[in-house]
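Worksheet for the structure shown next.
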Amino acid sequence: MLRKKYFVKPKTQWKYLVIFAVVMVILGTLCYYAFLNVLVSAPGMEQLSAGTVKNFKSAYASGFFWIIFAFAVFVLIQSVFYFHRILGPIYFFEIVMRKLSEGNFGIKMHWRSKDETIELASLIGKVIENTRNSVLSDREKVNEAIKAIDSGDKQKAKDLLKNVTQWCKTGPEAKQDK
């Protein structure tokens with residue numbers, strides 16, 4: 001499945017990209033001054049003229065800036081794809097949960113092979129499928145119970161209705177499964 005939008009949750013994605021960029025700027029600045037201090041205080045630097053040291057610092061600053069800039073651009077572009085692999089499925093889970101809360105159990109879960117939440121998507125898909133199958137089974141039992149009541153077989157109706165929603169653990173036994 002091809003990606004159609006890389007910014008499915010733009011506000012969240014931009015927030016994390018800005019945080020990531022700020023962290024990179026801070027780390028780049030710290031690295032710049034740490035390396036500059038090591039280079040300038042290296043043995044033999046005191047023998048160089050002030051002009052040579054100034055030219056060295058200028059060349060170092062220019063080279064360091066472009067290397068860090070290229071690295072930052074690469075990492076930020078990669079992070080857009082990475083964040084999409086995380087936030088894209090989260091956005092889809094929100095859509096799925098909204099539809100489930102409205103009672104729509106006809107939705108199917110799908111995921112891309114590079115998404116970071118494949119296990120979660122698989123589990124949610126199983127929950128939806130189990131719930132859908134159980135609801136359909138319960139509807140069949142209720143319909144059979146109605147037919148049994150109409151035919152006068154109340155015991156059969158009671159037995160059928162006794163098994164409705166047995167798949168759903170909501171009583172004290174559910175607390176013991178923790």
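This chain uses plain numbering: 1 for the first residue, then up along the sequence. Hydrogens, waters and symmetry mates are skipped; everything else that's a heavy atom, side chains included, is used.
Remark: Glu144 engages no residue in a salt bridge (Lys or Arg N to Asp or Glu O under 4.0 Å) (not counting sequence neighbours). For Glu140, the side-chain contact (heavy atoms from CB on, under 4.5 Å) test picks out no residue, with sequence neighbours left out. Evaluation of the side-chain contact (heavy atoms from CB on, under 4.5 Å) rule for Gln78 yields Phe74, Phe81 as partners, not counting sequence neighbours. Partners of Tyr60 under the side-chain contact (heavy atoms from CB on, under 4.5 Å) rule, at least two apart in sequence or in another chain, are Tyr32, Phe35, Leu36, Leu39, Phe64. Under the side-chain contact (heavy atoms from CB on, under 4.5 Å) criterion, Phe71 pairs with Met24, Val75, sequence neighbours left out. By the salt bridge (Lys or Arg N to Asp or Glu O under 4.0 Å) test, Arg98 is found to be paired with no residue, residues two or more places apart in sequence or in another chain being considered.
Residues Tyr33 and Asn37 fail the side-chain proximity criterion, which asks for heavy atoms closer than 4.5 Å. Side-chain contact check for Arg139 versus Val142: every heavy-atom pair is 4.5 Å or farther apart. Using a 4.5 Å heavy-atom threshold, the side chains of Lys126 and Ser122 count as touching.
The two residues Ala157 and Ile149 come nearest to each other via the heavy atoms CB-CG1, 3.5 Å.
Side chain of Thr29 to backbone of Val25: a donor-acceptor contact under 3.5 angstrom is found. In this structure, Ser49 contributes its side chain and Thr52 its backbone to a donor-acceptor pair below 3.5 Å. Within the 3.5 Å criterion, the main-chain N or O of Asn130 finds a donor-acceptor partner in the side chain of Ser134.
Arg132 CZ: more than 12 foreign heavy atoms inside a 6.0 Å radius.
Under a hydrophobic clustering in which Ile, Leu, Val, Met, Phe, Trp and Tyr are joined whenever their side-chain heavy atoms come within less than 4.5 Å, directly or via other members, Leu76 and Tyr82 fall into the same cluster.
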